[in-house]
Asks: 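Right, I'll just put the structure down here and ask away after.
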Amino acid sequence: MEFLGLTLMGGGSRAWVDVPERSKSAFMELKRRKVHRYVIFKIDDRREEVVVEKTGAPGESYDDFTASLPADDCRYAVYDLDFVSDDNCRKSKIFFISWSPDDSRIRAKTIYAVSRNQFRHELDGVHFEIQATDPDDMNLEVLRGRANRT
């Protein structure tokens with residue numbers, strides 16, 4: 001069954017988008033080798049797959065990351081947050097961010113919402129998940145607060 005250009009599997013319970021090996025590899029490079037500070041993914045409507053749109057170098061800031069997200073379109077992203085915990089230990093936590101700004105098209109919001117869980121579960125090793133429609137939903141203090149609760 002087709003739904004907004006995506007094939008629904010399992011009796012219409014979820015949309016299935018392909019996650020190519022290069023997209024999984026970009027995440028693994030962030031997770032294991034610390035090659036990237038962040039990876040931004042988008043759904044390629046024509047190929048019905050999640051592709052890497054941009055990677056951020058290890059030295060890039062959180063502001064660089066948020067500036068890379070479009071103000072009017074949806075994206076998925078993973079961000080590797082390095083921080084000092086409340087008990088003064090250096091730690092790193094990986095966040096999965098589902099970015100769906102208010103100004104994005106309804107079709108895009110639907111496609112990203114329907115395929116989010118399937119894609120998220122392809123990324124083994126994510127510590128936290130954030131769904132954001134506004135930059136305030138995912139500001140750096142929100143991430144630090146979540147990370148420090150562990």
Side-chain angles (χ1 to χ4, degrees), residues 1-83 91-140 142-147 150:
M1 170 193 243
E2 288 273 323
F3 177 70
L4 296 175
L6 296 176
T7 304
L8 294 178
M9 306 292 283
S13 62
R14 66 181 180 172
W16 186 267
V17 291
D18 187 37
V19 182
E21 198 56 42
R22 62 188 171 275
S23 294
K24 295 177 194 175
S25 294
F27 172 71
M28 294 308 290
E29 289 172 347
L30 175 141
K31 177 183 166 187
R32 290 199 178 134
R33 297 180 42 221
K34 305 288 186 184
V35 173
H36 312 297
R37 171 65 55 200
Y38 60 87
V39 181
I40 297 173
F41 301 93
K42 72 176 189 173
I43 295 177
D44 183 323
D45 288 337
R46 288 176 286 123
R47 295 188 306 217
E48 295 182 353
E49 66 183 18
V50 179
V51 297
V52 174
E53 181 177 58
K54 182 176 182 186
T55 58
E60 288 193 45
S61 70
Y62 192 71
D63 288 338
D64 295 328
F65 163 65
T66 57
S68 297
L69 294 169
D72 60 353
D73 204 1
C74 302
R75 294 292 185 269
Y76 300 124
V78 286
Y79 186 84
D80 188 6
L81 177 67
D82 292 328
F83 65 102
K91 294 186 177 184
S92 176
K93 298 289 181 184
I94 298 173
F95 284 81
F96 176 83
I97 299 169
S98 179
W99 173 243
S100 184
D102 291 332
D103 291 339
S104 58
R105 297 179 331 258
I106 291 173
R107 180 180 188 276
K109 289 180 184 183
T110 303
I111 291 170
Y112 277 79
V114 168
S115 59
R116 181 185 72 241
N117 286 336
Q118 182 258 325
F119 176 59
R120 160 61 186 91
H121 290 291
E122 294 281 340
L123 307 178
D124 186 35
V126 169
H127 299 105
F128 299 101
E129 184 172 341
I130 293 180
Q131 296 179 37
T133 60
D134 181 87
D136 291 339
D137 295 340
M138 54 176 256
N139 72 40
L140 190 54
V142 169
L143 271 66
R144 286 183 178 144
R146 296 271 308 270
T150 61

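Numbering starts at 1 and runs along the sequence shown. Note: hydrogens, waters and symmetry copies are ignored here, and every other heavy atom, side chains too, is used.
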Asks: Does any N or O in the side chain of Glu29 come within less than 3.5 Å of the main-chain N or O of His36, such that one atom is a donor and the other an acceptor?
Replies: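 No; zero donor-acceptor contacts below 3.5 Å.
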Asks: Check whether any side-chain heavy atom of Lys24 lies under 4.5 Å from a side-chain heavy atom of Val19, and answer yes or no.
Replies: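 With C-beta onward as the side chain, the pair touches.
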Asks: Got a second to check how far Ile106's CD1 is from Ile111's CD1, nearest 0.5 Å?
Replies: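 Answer for the CD1-CD1 pair, Ile106 versus Ile111, is 12.0 Å.
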Asks: Going by heavy atoms in the side chains, are Phe65 and Ile97 under 4.5 Å from each other?
Replies: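 With C-beta onward as the side chain, the pair touches.
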Asks: To the nearest 0.5 Å, how far apart are OG1 in Thr66 and CG in Asn139?
Replies: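 Spacing of OG1 (Thr66) from CG (Asn139) equals 9.5 Å.
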Asks: For a 4.5 angstrom cut-off between non-hydrogen side-chain atoms, does Lys109 reach Cys74?
Replies: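 Heavy-atom side-chain distance check passes, below 4.5 Å.
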Asks: Going from CD on Glu53 to OG on Ser23, what distance comes out if it is rounded to the nearest 0.5 angstrom?
Replies: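 Answer rounded to 0.5 Å: 11.5 Å.
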Asks: Step by step, would you call Leu81 with Phe95 a side chain to side chain contact (heavy atoms under 4.5 Å, CB included)?
Replies: CA-CA 7 Å; Leu81 177 67; Phe95 284 81; 3.8 Å; yes
Asks: Without swapping roles, check the side chain of Lys93 against the backbone of Phe83 for a donor-acceptor pair under 3.5 Å.
Replies: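 A pair under 3.5 Å: no.
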Asks: Is the shortest heavy-atom distance from the side chain of Leu143 to the side chain of Phe128 under 4.5 Å?
Replies: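 Counting from C-beta outward, Leu143 and Phe128 never come under 4.5 Å.
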Asks: With a 4.5 Å cut-off on side-chain heavy atoms, are Val142 and Asp137 touching?
Replies: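 SC-SC contact between Asp137 and Val142 ruled out.
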Asks: Assess whether side chain to side chain contact (heavy atoms under 4.5 Å, CB included) is satisfied between Arg144 and Tyr62, documenting all intermediate values.
Replies: CA-CA 12 Å; Arg144 286 183 178 144; Tyr62 192 71; over 6 Å; no
Asks: Minimum heavy-atom separation for Val50 to Pro20, with atom names?
Replies: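 Minimum heavy-atom separation between Val50 and Pro20: O-CD, 3.1 Å.
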Asks: Heavy-atom count around Lys31 NZ within 6.0 Å, excluding the residue itself: above 12?
Replies: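 Result for NZ/Lys31: enclosed.
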Asks: Answer whether the closest heavy-atom distance between the side chains of Tyr76 and Arg120 falls below 4.5 Å.
Replies: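 SC-SC contact between Tyr76 and Arg120 ruled out.
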Asks: Using side chain to side chain contact (heavy atoms under 4.5 Å, CB included) as the criterion, list what pairs up with Arg37, not counting sequence neighbours.
Replies: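 Result, side chain to side chain contact (heavy atoms under 4.5 Å, CB included) vs Arg37: Tyr79, Asp80, Asp82.
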Asks: Is it true that Arg75 and Asp73 make a salt bridge, defined as a side-chain N closer than 4.0 Å to a carboxylate O?
Replies: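 Salt bridge present between Arg75 and Asp73.
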Asks: Please step through side chain to side chain contact (heavy atoms under 4.5 Å, CB included) for the pair Phe27 and Val52, ending with a clear verdict.
Replies: CA-CA 9 Å; Phe27 172 71; Val52 174; over 6 Å; no
Asks: How long is the span from the CZ atom in Arg146 to the CD atom in Glu129, to the nearest 0.5 Å?
Replies: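 Result: 8.5 Å between the selected atoms.
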Asks: If you round to the nearest 0.5 Å, how far is OH of Tyr112 from CZ of Phe119?
Replies: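 So the CZ of Phe119 and the OH of Tyr112 are separated by 9.5 Å.
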Asks: Within this structure, what is the OG-NE2 distance for the pair Ser92 and His127, rounded to the nearest 0.5 Å?
Replies: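 Answer rounded to 0.5 Å: 7.5 Å.
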